[in-house]
Amino acid sequence: MAVDETVRYTNQAGVALGEIVMAVEPNLGGGFSIDNILLDSNPLTYDLDGQRLTASLPQALAPGAQIALTMRFRLSIPAKTKGHPYGYDVDQVNLTDWYPFVVPYSNGWILHDPASLGEHLVYDASDFEVNIKTTQTGIVIAASGVADSQPNGDWTRYRLAGARTFAFSASDQFLVYDATAGAAQIHSYYYPGYETQGAAILNAAVRAVGIFEAKFGTYPYGSLSIVQADLNDGQEYDGLVFLATKFYNEYDGSARSNLVAIGVHEMAHQWWFGLVGNDQAMEPWLDEAMAVYSEEIFYRFIYPNSHDWWWNFRVNYFGPSGYVDTNIYEAPSFRAYVNAVYLNGANFLEALNYRMGDDAFFQFLQDYTSRYGRGRATAYDFFAVARQNTTADISDLIASYFRGNY
Ligand SMILES: [Zn+2]
């Protein structure tokens with residue numbers, strides 16, 4: 001894939017910046033080659049080391065000032081594994097975190113090392129315009145953004161505002177079901193033979209967006225693409241989620257299924273990860289525990305007869321324990337990580353919901369998304385907004401689930 005990229009960056013760091021640091025995930029696998037980085041048509045000196053691309057500026061960028069960097073690069077797209085969407089397989093090409101992006105700056109550039117589990121990237125919110133042209137016809141593209149109704153010459157233009165990342169998936173096999181939920185277009189991309197499942201997850205998405213808009217705030221993007229893929233699990237991006245074909249294979253027509261439960265989990269990440277950003281490496285509970293507990297909210301309100309099933313199937317069965325504020329580098333195993341961050345996190349949020357009561361708890365979530373939407377929140381931010389919405393003392397709950405003193 002050949003790419004021309006322009007990055008318009010405003011220095012909101014509060015200090016002058018002599019260099020710009022970008023994350024380049026395709027270079028972790030060695031499939032990335034860059035021709036140049038230009039500033040006002042002049043080549044910049046840069047250093048590319050693993051995922052870290054550092055471009056030196058000829059003069060420091062003052063606080064509040066803006067620059068436009070242009071880059072030309074090529075990707076040698078790798079064969080994908082079941083462990084991650086990026087790459088190609090027999091019927092699909094998935095482009096995730098496929099371009100250099102400027103990482104957040106907060107007392108230094110925030111670019112964590114990858115770990116053996118969890119996600120390590122941290123993102124500022126950005127506005128995207130992506131123009132895609134394929135060398136073959138008959139390719140269906142599932143994307144994070146909304147396509148212009150009119151083609152842009154041979155190109156299709158997609159737009160996505162206030163998002164962390166722009167992902168897409170291309171296939172000559174995709175079939176698609178469409179619906180709307182609130183102001184959002186919902187697209188379910190599935191493979192031939194999976195019509196029942198493709199329709200079921202579309203239906204779940206309409207219900208999920210409806211209840212989450214009521215409880216959390218307006219869906220943050222113009223569209224949501226649900227993409228069937230040969231993976232071990234689900235994976236969230238802004239406006240686009242991947243779901244494992246094995247969930248489609250297992251589906252028996254009931255909401256008591258991984259297809260619906262994990263599908264709804266990835267959709268909830270549109271609010272927790274997409275709208276309210278966080279440091280996924282150091283405070284993964286802020287998006288993962290919230291996404292799990294959002295499943296609980298979905299079943300509580302949409303399928304109340306399956307609410308107990310959900311708790312047993314997704315949480316209690318695993319007997320979760322461990323500090324909710326475990327980071328991705330500390331957990332001894334994937335199971336221990338999920339038990340602490342995701343599942344004990346859901347137990348904590350259930351206790352918090354019970355302590356605060358539904359009215360205060362959901363008002364807290366509304367306040368949290370309106371305060372930190374398009375920004376990034378920390379655990380301190382989370383608990384500050386929670387305490388502003390309740391007169392109850394929550395310190396004992398925090399002390400019993402968290403290592404940090406929030
Ligand atoms: Zn998740």
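For ligands, and for the atoms within them, numbers begin at 1 and follow the listed sequence. Numbers here simply count residues along the sequence, with the first being 1.
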Inset, instruction - Report the angle formed at the Zn ion (ligand 1) by atom NE2 of His269 and atom OE1 of Glu288, rounding to the nearest 10°. - result: 100°

Inset, instruction - In plain terms, say whether Asp233 and Lys82 are close enough for a salt bridge, that is, a side-chain N and a carboxylate O under 4.0 Å apart. - result: no

Legend entry - Pair Thr165-Phe101, side-chain contact (heavy atoms from CB on, under 4.5 Å): steps then yes or no: CA-CA 9 Å; Thr165 186; Phe101 68 90; 6.0 Å; no

Inset, instruction - Decide yes or no on salt bridge (charged side-chain N to carboxylate O under 4.0 Å, His left out) for Arg164 and Asp287, but give the supporting numbers first. - result: CA-CA 13 Å; Arg164 311 289 161 180; Asp287 64 296; over 6 Å; no

Legend entry - Name of the His265 atom (N/O/S only) found closest to the Zn ion (ligand 1): NE2

Inset, instruction - Begin with the C-alpha distance, continue with both residues' side-chain angles, and end with the deciding distance and a verdict on ring-ring contact (aromatic ring centres under 6.0 Å, His included) for Phe382 and Trp285. - result: CA-CA 11 Å; Phe382 180 93; Trp285 75 273; 5.0 Å; yes

Legend entry - N, O or S atom of Asp287 closer to the Zn ion (ligand 1) than 2.8 Å: no

